[in-house]
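Throughout, residue positions are numbered sequentially from 1 according to the sequence presented. Just so you know, ligand 1 is whichever comes first in the structure, and atom 1 is the first atom listed for that ligand. Basis for what follows: all heavy atoms, side chains included, without hydrogens, waters or symmetry-related copies.
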Amino acid sequence: MRLSELKTGERGVIVKVNGHGGFRKRVKEMGFVKGNKVKVILNAPLRDPIEYEIIGYKISLRREQAEKVEVISESEAKEMLMASENLPPIEADDNDDAIIEREMTSLAEKRRKTIRVALVGNPNCGKTSLFNIASGSHEHVGNYSGVTVDAKEGTFEYGGYHFQLVDLPGTYSLSAYSPEELYVRRNLIEEIPDVVVNVVDASNLQRNLYLTTQLIDMNLRVVMALNMYDELQARGDRLDITQLGYLLGMPIVPTVSRTGEGISALFDTVIQVYEKSDPRLARHIHINHGQEVEQSISRLKALISRNENIRYKYSTRYLAIKYLENDKEVEGVVESLPDRDEIIAARFEENGRIRSILGSGLESAMVDAKYAFIQGALAETLSLDSGKRKRATITDKIDAVVTNRWLAFPIFFLLLYVVFDGTFVLGEYPMQWIEWLVGKVGLFVSSVMNDGWLKDMMVDGVIGGVGSVLVFLPNILLLYMFISLLEDSGYMARAAFIMDRLMHKIGLHGKSFIPMIMGFGCNVPAVMATRTIESPKSRLITMLVIPLMSCAGRMPVYILIAGAFFPRHAGLVLLGLYALGIFLAIVAAKVMSRFFKDDDLPFVMELPPYRVPTGKSILRHTWEKGRQYLQKMSGIILVCSLAIWFLGYFPNHDAYDSVAQQQEHSFIGYVGKAMEPVLEPLGFDWRMGVGIVAGVGAKELVVSTLGVMYADDEPVATGSDTRLQKALVRSVTPAGALAYMVFILLYFPCIATFVAIKNESGGWKWAILTAVYTIVLAWVAAFITFNVFSSLS
Ligand code: GDP
Ligand code: MG
């Protein structure tokens with residue numbers, strides 16, 4: 001009987017906990033595990049929750065929760081004892097209690113040997129054939145859909161277990177559109193079979209797996225019967241069954257239900273899953289619906305989860321997904337919730353947001369995401385015998401080229417080259433306009449304000465500081481526009497796919513690749529983009545090495561210094577610095593992956609169909625990423641450039657005639673001087689140290705700070721000023737200059753990135769680790785650079 005039916009004072013032994021995975025986990029964690037004894041402390045009618053005692057603890061369960069726990073009660077045990085002819089042997093010190101307890105335990109054990117299995121699958125995939133062969137029945141088998149109109153039940157014994165098998169109607173999906181679909185869904189939710197057998201037609205995987213993805217959403221225990229396996233083999237196709245099973249998080253057993261091949265293996269696996277004898281066999285995965293849709297799902301899930309009652313019956317993620325799909329039945333569930341208005345409003349908003357970003361509503365975005373998931377899973381595991389079939393869709397044709405063994409990498413690098421080159425060539429013009437505009441604004445402000453520190457602060461601190469960062473906005477936006485183009489067209493997913501194997505070699509995942517590329521623009525959105533990586537280990541390592549990807553903010557330092565010291569090889573130096581960053585990122589990732597526990601669970605790299613990106617969605621995506629950069633600028637960079645201005649302005653502002661002398665005797669000068677002993681082995685002077693301090697706020701600030709530090713009379717506003725370059729050449733050796741660029745490339749990833757890493761990794765620990773390791777790495781690399789090049793020249 002159900003735990004909720006036990007009366008006050010009555011005892012019982014737990015048989016099993018029914019319900020979806022999330023619920024089972026929670027209840028089991030409370031101690032409601034098979035074989036445990038439970039006693040009812042207080043169960044009054046209409047009283048909720050009910051109070052229990054289990055493994056020495058008092059715990060209360062809600063009635064809905066207790067309904068999902070199966071028990072053998074004292075009264076059931078007594079009845080059995082009375083009815084049985086041969087009473088169990090009575091031992092000397094036995095009292096009635098001990099006998100009843102023993103009987104309860106043994107009954108519970110027996111009851112546990114009953115496994116309820118439901119067959120779910122598309123029409124015509126061979127469910128009824130499987131049902132007949134397993135249960136020995138003779139249900140009508142037909143080669144057309146709709147033969148099974150309602151559930152047929154059959155029972156059989158196998159492997160020491162009693163099976164109750166249900167043959168459900170065939171459905172393509174679990175939406176609430178057709179009566180069959182609704183029927184199957186209700187059955188899965190109300191009856192909650194112990195194990196669902198998803199019967200799949202192996203000769204039509206793409207379509208059949210759609211239903212599978214919906215079963216995954218429901219968080220049920222599923223075993224896949226890969227039926228019609230004979231047809232797959234006859235075609236000469238090859239499928240990596242183990243890998244597909246890992247990717248989907250469920251065991252897959254090939255079957256031919258016409259002949260009975262594989263059926264016993266199927267039910268052996270059902271028993272294993274039921275008994276959870278091998279944790280690797282089944283795991284709960286989430287279908288990744290893409291960052292935007294996942295954000296909507298999380299939001300709705302959080303809102304729905306506030307309603308405790310509902311979580312017993314449904315997986316809240318499932319409810320959120322179905323609700324966002326405008327599912328009529330789930331809408332009914334939501335309508336009954338006390339905070340329904342908020343949930344309805346949230347869906348409305350999310351729908352609008354998704355429509356404006358993706359250009360389609362949530363419902364179709366989710367269907368697309370599920371097919372992208374299937375496409376990705378099959379691309380990794382299924383190889384069609386190409387001789388026998390023509391590739392059909394446009395997507396297949398494009399994929400044949402861009403993921404081709406020989407062409408994939410050349411195409412990929414060509415595209416990357418176009419992206420980076422395009423970014424800088426096109427970015428040149430708006431950059432000049434912004435420079436011009438910032439200059440004009442500075443002039444205007446200084447002409448209208450009265451002389452004094454306030455004016456100096458406005459002109460040098462605010463306008464100068466923020467302006468020096470603003471000039472990179474076009475480059476950043478352009479880079480993100482190109483990346484959005486590659487993403488929206490569907491190519492980026494392929495790039496991640498072809499990089500996957502290489503990335504695995506350094507302990508990362510193919511999906512780590514896109515955030516790393518984005519790091520070339522600005523590390524902040526790149527760190528945020530790691531959200532798409534499912535594996536926590538890969539995600540963390542990716543985040544920690546992104547700071548080594550040379551962001552656009554470091555570019556002006558290279559341009560300034562490489563232009564001054566190595567005018568004829570500036571391009572080479574630049575390339576070398578980027579390559580050094582990438583190389584060290586690879587090394588760092590490889591080293592780190594040794595220290596982290598391996599969670600290398602395989603997961604699917606979704607392959608969405610190719611699309612011509614719409615202008616609107618490109619604009620939206622570019623803006624989303626650019627906004628993160630602008631936020632960084634308007635907040636942290638403004639504060640930091642003000643702080644640097646302040647430290648360089650005070651004290652002794654009016655004590656010296658020359659700006660450089662004044663700087664030397666300002667706070668920032670003192671800091672730079674204090675750092676000198678650490679920087680000397682690298683060939684830097686104290687003014688370069690000040691630049692390094694400024695770069696902690698944002699690397700863009702290094703150049704403008706150097707401009708101030710090396711100014712003879714007047715501050716030098718922009719980095720390309722040759723006066724600053726001349727001053728630098730006079731004070732530093734080329735080896736020191738090179739070491740300085742290396743240092744700027746590697747050290748502390750700017751405050752905004754630091755904060756982003758803290759937020760995304762969930763703790764200061766990782767942000768601090770990143771800061772420490774990058775600073776140490778920078779010092780060591782700069783030291784080596786300085787000494788090697790000093791000895792060369
Ligand atoms: P249902 O609609 O899912 O119940 O599917 P049925 O059990 O009615 O089977 C549909 C058709 O597929 C029948 O003609 C079966 O004989 C055939 N069939 C079932 N299983 C297999 C199999 O493993 N291999 C092959 N080749 N045919 C099968
Ligand atoms: Mg049937």
## Note on the structure
Nearest heavy atom to atom 7 (O) of ligand 1, choosing from Pro254, Ser129, Gly262, belongs to Ser129
### Geometric cation-pi criterion, Arg347 with Tyr323: 6.0 Å, 45°
yes
### Task
Would you check whether Cys125 reaches within less than 4.0 Å of ligand 1, judged by its heavy atoms?
yes
Counting only pairs under 3.5 Å, give me each side-chain donor-acceptor contact of residues 261-268, with atom names and distances, residues two or more places apart or in other chains.
unit_1	atom_1	unit_2	atom_2	d
Asp268	OD1	Tyr158	OH	2.9
Asp268	OD2	Tyr158	OH	3.4

### Summary
The option among Val120, Asn124, Ile263, Leu232 carrying the non-hydrogen atom nearest to atom 10 (C) of ligand 1 is Asn124
### Message
If you measure every N or O of Pro123 against every N or O of ligand 1, does any of those distances drop under 3.5 Å?
### Response
no
### Message
We want to know whether Lys397 and Tyr610 form a side-chain donor-acceptor pair, criterion being a heavy-atom distance below 3.5 angstrom.
### Response
no
#### Entry: Contact atoms of ligand 1, heavy-atom distance to Asn227 under 4.0 Å
20 (N), 21 (C), 23 (O)
### Query
What distance do Leu378 atom CG and Phe373 atom CZ have between them, rounded to the nearest 0.5 Å?
9.5 Å
### Query
Do Gln206 and Gln375 get their side chains close enough for a donor-acceptor pair, meaning under 3.5 Å?
yes
### Task
List every atom of ligand 1 that sits less than 4.0 Å from any heavy atom of Asp230, numbering the atoms from 1 in the order shown and giving each element.
22 (C), 23 (O), 24 (N), 25 (C), 26 (N)
### Task
Considering the heavy atoms of Val256, write down every atom of ligand 1 situated less than 4.0 Å from one of them.
22 (C), 23 (O), 24 (N)
### Message
If the condition is salt bridge (Lys or Arg N to Asp or Glu O under 4.0 Å), which residues does Lys113 pass it with, not counting sequence neighbours?
### Response
none
### Query
Under a heavy-atom criterion of less than 4.0 Å, does Gly121 contact ligand 1?
no
### Query
Based purely on interatomic distance, does Tyr229 place a nitrogen or oxygen under 3.5 Å from a nitrogen or oxygen of ligand 1?
no
### Query
Are any non-hydrogen side-chain atoms of Ile189 and Tyr318 less than 4.5 angstrom apart?
yes
